[in-house]
Amino acid sequence: MSVLGVEGEERDDLNRAESAQIRARSLRLLGSLIRPMRARLVLSIIVVVISTISQVAGPAIIAYGIDTGLPALIGSDWMPVAFAGLAYLLAGVTGALLIAWFTVLSAQISQAILFDLRRRVFLHTQRLSLEFHESYTSGRIISRQTSDLDAIRELLDSGINQLVQGVLYMLFTAVALFLLDVESGFILLASLVPLAALTRWFQVRSQTMFRRTRVASARLIVTFVETMTGIRAVKAFRTEKRNEAEFGGLVEEYRATNARVIKLFGIYDPGLVLIGNVAVAVVLLVGGFRVVDGGLEIGVLLAAVLYTRRFFDPMEDMAMFYNGYQSATAALEKISGVLEEQPSVADPEHPVDLWESRGAVAFDGVEFGYVEGRPILPHFDLDIPAGQTIALVGSTGAGKSTLAKLVSRFYDPTVGRVTLDGIDLRQLHPKDLRRAIVMVTQEAYLFSGTVADNIAIGKPDATREEIEAAARAVGADTFIRGLPNGYETDVNKRGGRVSAGQRQLISFARAFLADPAVLILDEATASLDIPSERLVQDALQTLLADRTAIIIAHRLSTVSIADRVLVMEHGRIVEDGTPEDLIAGTGRFAQLHASWRESLV
Amino acid sequence: MDVRKQEMAETATPATGTVAVLLRLRPFARQALPRIGVAMVVSLVASLVALAIPQVLQWMVDGPFASGDAGQVWLGAGIVLGLGVFEAVLIGARRALVLTPGTHVEARMRNGLYAQLEDLPVSFHDRWPSGQLLSRAVSDLNLIRRWLSFGLVLLVVNVLTLIGGVIILITLNWVLGLIFAAAAVPVIAYSFSFERRYSDVARRSQDQAGDLATSVEESVHGIRVLKAFGRGRYALKRFESQAERLRGTEIEKAKAIAGIWLYLTLIPDIAFGVCLVVGVWLASTGQTSVGALVAFFATGTVLLFPIWSLGYFLAMTLDAKTATLRFFEVMDSENTITDPAHPVTVVDGRGRLSFEDVHFRYQDAPAAFPDLLDGVDLVVEPGETMALVGLTGSGKSTLTALTSRLYDVTGGSVRVDGVDVRDFTRDDLRSRVAMAFEEATLFSRSVRENVLLGRPDASEADLREALDIAQAGFVDDLPEGLDTKVGEEGMSLSGGQRQRLALARAIAAKPSVLVLDDPLSALDVDTEALVEAALRRVLARTTALIVAHRPSTVALADRVALLQDGRVTAVGTHAELLATNEHYRFVISSFDADERSAALNAEEVSS
Ligand SMILES: Nc1ncnc2c1ncn2[C@@H]1O[C@H](COP(=O)(O)OP(=O)(O)OP(=O)(O)O)[C@@H](O)[C@H]1O
Ligand SMILES: Nc1ncnc2c1ncn2[C@@H]1O[C@H](COP(=O)(O)OP(=O)(O)OP(=O)(O)O)[C@@H](O)[C@H]1O
Ligand SMILES: [Mg+2]
Ligand SMILES: [Mg+2]
């Protein structure tokens, strides 16, 4: 087992090497996110330093006001008091303004980082192949993009401030203590040993726990998303109670892991306070004896004790920061796993351009299977000349969609190559590939948004006229105009606002608008009524006149517009010929066609 | 989009005052509340202990050190140590008290939300983008938990500390104390405007985060379309512009926080500056002692941190408030499809399905539009198979959805065995009526679980029978047979395979009424014939309503109903309708008039 990519994402029994490997990966990601922010980060640190200094100046000014101003005022000299008052105001205003500025600056930084990360994950998931998505599920990706990002955001929101201020403060305090009294300084230094041990303990334990919370929250989201997506089936088959039990289990798992992390922190945080307070007591005790022996001034001891205490003041903030950091890196581990996944259908490194495609498709010695050892398409060759309209028929599960998916490069063949105009699809520039080859998939998926938006996916810069023309061409215009807001009607999630047939018409208009050299229609008319299907077929007659087309259909009416028919059985092309020849023959197609004719009236 | 937003706003409760909204969390937080109260007390004590340590130091300076008594040094250090340990214990106790109960509150709310969402009707889900639901269930509840177990406690403790501190200041010197207290007035005034401004942005940011989640979900569910058209970049651009908007909102939020922080640092500082001048003047005229002045500033400095942190906790509280509002928008949504108060049940029903003057319109249909179903009358007798035929968009699927109350009629009634479907409990009704949707809607579970969704306790034989009828023998060739996971939404199966599993699922539920929405559209002619032959066995004993687009599917049925302009305009056998009904011929026949007469003639000749 490895932990490359998303593999082993849900394991929590990682060994040291694996754990270090994914941690390093997430730190690399963090580094690459922060790098472009360097300049701003430095600026914000400077702002914090100055504002901290102006805050620290406050007590000194008060001291000055009392020590110098008071005697002067008794001598009727207002100057020093007024000066102190103004200085105090000035320091206050500066500090306040800088803090406000810093707040905005740090939000800008953290939002830029989040934006960058969101964008990267989005782009990468789009690049990943279907194979990945089938097993990874949308819920997980959503959880990467939502709850994992929330964890990172929590760190960024408060983290930088706490970290910078805390570190500076502790550093200054420690230096001051050493300057003041070396022995006390060493006591402070000694207290760092248990502190480090405690932190290490927290680090090790919380790392595993935080990983578990990420897994638990992803599981929760997966189930949630699936229930909401399939809500009709959930209701119709009365699975509500069962789902509630299952979801309840996941909620509890998430809660319990979360509670455990929080408990860890609940030990860590007071543990730090304890170490700090013990250190204060020890400094006091040791110093006290030295005072009694006359080896130390009382004032110095007092200051040493105060400094020691102050040193631990930001500890709580630092602990919070560390806690957030651990949580964020666990989230980053998962995200970096997704980003590390290599698309199995990769974009070419040296893409070949194809400005004008003729649309000649060929399979050279192709073999394909979704899983190793289970070939779906055994070895075959196929040549589809430019401009030919192919009808691909065969029983369900024969591999028709699979063949189509190879042409549109949803998958790459296991052996052999698929070419367009003689260029291997693997080498073709993705832009040219997608412009040349378009497939209307068996599932007509619509995005929420208007009808016009959905059609425009075929050609994002299309004008309204073009969109309407495409809709008219496939016979969708009438029903679209009948919708409450016509082309501006929101089709709701997954196009739930329109009927199944209407969804198919819209998908079809989309492909029509895209105007590709090679058009693949996978059961694009299966849910249409017969009159609409006929309209679509008329549209196809003109549309397909000068382009290559692969039409997959169980209703053999399409065959009438095809130049050539391929019959598939169990992944093999068993018949290949013109419709007339095949129908006249005695083969599989002749029989299919006869039974189809019979089913008509 | 705007319509939806408006709708969401309308379902919002009238109570929008921060306290009123947050008080609504009580039922969920009830068990945690006493512990939260105790935690507040504990933290107050912890602050007191922290304040006591300097007092001990003061005592040691004046006592043991001055007297040079070594034993007293032990004692003093011991007390400091004791207090220190005590402080750590109190801090630990505070965490232990609230944190676990906080997670329970969160879990309870999450389960409640999930149950409510499952209960709400399909029309609710039509309207609500999925990401909005998800962001409520995850991010918002997380926020509420953190506020309950952290923000609330510290907000209260800090406010109390502040009040106590100001009282001490006033007792130290009333003039200076009042000057300092007066500073609270502009701060409080500002925080009101902050509340309004920040709530607004916080709400917007939560909504936008939900929209972003929706986009992510759609970009993954629709990945095949995006890939087929090579629109990954295009989708990215849209996503980016949404993310950009969210970023803008977040920065606006940060600016609001920066604003209140500016006030919270600036105003106390100004007050301090004034106090310094006035205080020194007072001291110079002998109206106050230098000691009191020192004590005043020492105490005042201690109060600065609670003042600053108010901004943080206030923002957190407002975040929690808008999150609570969003949560209750779903919880308050009225469920229009509920179980009746006095459910009726039928023993031994044979499954007579009837539609009586059924009217239906979708919620968003403009008033000017006629009802989508405009008086449907149809009876399917027990054991009968009725095909439902009509043009695309004529309302066939809508009509089928009424039978199991995925939607409720807006007029008339749907009856099963003579009982209005609204008089059954939903559970009872849905165990009588099983559906196969036009889209398969499989879940990423095993084949077995998918098929037995409606009857998890069915026997292996029943499962096999259902698979046989649906001609789903292919499952045995899958890598792990019946236990193969079918991938998200069944996407690792072919279209026809998915459809047959959905069909098997409806059959396996053994309903008395079977409702199949275009169940054979993805099958080839041969498989279709096999399924039909097998289905006839089931259909002989089951009432069925089958939506059909092809004559081959119609062939399954005893009679056919034609849906036209929202009504069933004709019922009869296929042959009857074909002979008598012009519209029916138009809908179902692949031939135009000449071809048909030719075909009919041919038939006549041959018979
Ligand atoms: N993503 C996938 N992962 C694994 N196996 C798959 C996947 N998609 C399809 N298969 C399998 O490959 C075989 C061929 O499927 P394909 O979708 O190509 O069939 P088809 O000819 O299009 O059938 P239909 O007419 O039902 O759509 C089927 O046995 C199916 O189970
Ligand atoms: N959720 C919805 N909200 C509003 N309108 C809807 C909704 N679902 C469907 N419609 C509209 O109601 C009409 C009927 O839709 P329905 O899905 O019942 O048609 P159908 O007869 O099943 O068509 P098809 O044969 O294409 O499946 C359509 O015009 C559609 O646009
Ligand atoms: Mg297919
Ligand atoms: Mg329909």
Side-chain angles (χ1 to χ4, degrees), chain A residues 62 65 69-70 73-74 81 85 88-89 92 96 100 103-104 107 111 115 118 122 126 134 137-138 145 228 230-231 233 236-238 240 251 255 259 262 266 270 273-274 277 281 284-285 288 291-292 298 395-397 434 439 441-442 445 460 484 499-501 526 529 554 595-596 599-601, chain B residues 65 68 70 73 77 80-81 84 88 91-92 95 99-100 103 107 110 114 118 125 130 138 213 216 218 220 222 224-225 228 230 232 234 239 243 247 250 254 258 262 265-266 269 273 276-277 280 284 297 366 391-393 430 435 438 441 453-454 487-488 494-496 521 524-525 551-552 590:
Chain A
I62 293 178
L70 186 54
L73 188 58
I74 292 175
V81 178
Y88 194 89
L89 275 184
T103 308
V104 177
Q111 287 302 317
F115 180 82
R118 280 202 179 100
F122 189 93
Q126 285 299 316
E134 265 153 25
T137 70
S138 58
Q145 282 269 35
M228 297 310 143
I231 190 76
F237 292 96
R238 300 167 288 124
E240 292 100 332
V251 167
R255 189 205 67 73
I262 295 173
V273 174
L274 185 64
N277 286 347
L284 183 63
L285 187 67
V291 170
V292 174
I298 290 187
S395 52
T396 125
R434 296 301 168 199
M439 161 145 135
T441 54
Q442 207 161 353
Y445 188 94
S499 84
D529 57 18
H554 290 306
S595 38
W596 173 70
S599 75
L600 299 179
V601 274
Chain B
F65 293 158
V73 172
V80 168
L81 182 66
I91 292 181
R95 294 199 168 270
L99 295 175
T100 322
T103 61
R110 190 165 284 143
Y114 183 79
E118 278 197 323
H125 289 271
S130 42
V138 181
V216 172
E218 293 204 330
V220 181
R224 285 168 188 79
V225 172
Y234 168 72
F239 177 77
R247 163 155 85 169
E250 287 292 333
L262 185 63
T265 9
L266 199 57
D269 272 346
L276 180 61
V277 176
V280 170
S284 76
F297 285 111
L391 290 176
T392 279
R430 288 169 189 165
M435 306 186 70
E438 43 199 353
T441 8
L453 202 62
E488 191 171 23
S494 88
S521 63
D524 61 279
V525 187
S552 51
S590 300

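Predicted, not measured: the structure shown is a model, and the values here were computed from it. Throughout, protein chains are lettered first and strands after them, A, B, ... in sequence-line order, and every chain is numbered starting at 1.
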Taking the basic N atoms (NZ, or NE/NH1/NH2) and the acidic carboxylate oxygens, is any pair closer than 4.0 Å for A:Arg118 and B:Glu250?
no

At a heavy-atom separation under 4.5 Å, does [X] approach chain A through its side chain, its backbone, both, or neither?
{"X": "B:Glu218", "value": "both"}
{"X": "B:Arg430", "value": "both"}
{"X": "B:Val138", "value": "side chain"}

Residue, of [options], that accumulates the most heavy atom pairs under 4.5 Å with chain B:
{"options": "A:Met439, A:Arg434, A:Arg238", "result": "A:Arg238"}
{"options": "A:Val81, A:Asp529, A:Asn277", "result": "A:Asp529"}
{"options": "A:Ser395, A:Ser595, A:Gly501", "result": "A:Ser395"}

Out of [options], return the one with the most heavy atom pairs under 4.5 angstrom to chain A.
{"options": "B:Ala213, B:Gly232, B:Gly222", "result": "B:Gly222"}
{"options": "B:Ser130, B:Ala243, B:Gly487", "result": "B:Ala243"}
{"options": "B:Arg224, B:Met435, B:Glu438", "result": "B:Arg224"}
{"options": "B:Thr100, B:Thr265, B:Leu276, B:Ile91", "result": "B:Leu276"}
{"options": "B:Ser521, B:Gly496, B:Ser494", "result": "B:Ser521"}

pair B:Tyr114-A:Met228: side-chain heavy atoms closer than 4.5 Å
yes

Contact check, side chains of B:Phe239 and B:Val216, non-hydrogen atoms, under 4.5 Å
yes

Below 4.5 Å from any heavy atom of chain B, which atoms of [X] appear? Answer side chain, backbone, both or neither.
{"X": "A:Leu285", "result": "both"}
{"X": "A:Gln442", "result": "side chain"}
{"X": "A:Ile231", "result": "side chain"}
{"X": "A:Ser499", "result": "side chain"}

Would you sort out whether B:Val277 and A:Tyr88 count as a side chain to side chain contact (heavy atoms under 4.5 Å, CB included), showing the intermediate values?
CA-CA 10 Å; B:Val277 176; A:Tyr88 194 89; over 6 Å; no

If every non-hydrogen atom of [X] is compared with every non-hydrogen atom of [Y], which pair is closest and at what distance?
{"X": "A:Thr103", "Y": "B:Ala258", "answer": "CB-CB, 3.9 Å"}
{"X": "A:Pro270", "Y": "B:Gly92", "answer": "CG-CA, 3.5 Å"}
{"X": "B:Asp269", "Y": "A:Gly92", "answer": "OD2-CA, 3.2 Å"}

Would you sort out whether B:Glu488 and A:Ser138 count as a side chain to side chain contact (heavy atoms under 4.5 Å, CB included), showing the intermediate values?
CA-CA 8 Å; B:Glu488 191 171 23; A:Ser138 58; 2.5 Å; yes

Run the side chain to side chain contact (heavy atoms under 4.5 Å, CB included) test on A:Gln145 and A:Phe122 for me, step by step, so that the C-alpha distance in whole Å, both residues' side-chain angles and the decisive distance to 0.1 Å come before the verdict.
CA-CA 8 Å; A:Gln145 282 269 35; A:Phe122 189 93; 3.8 Å; yes

Distance-only donor-acceptor check, side chains B:Thr103 and A:Arg255, under 3.5 Å:
yes

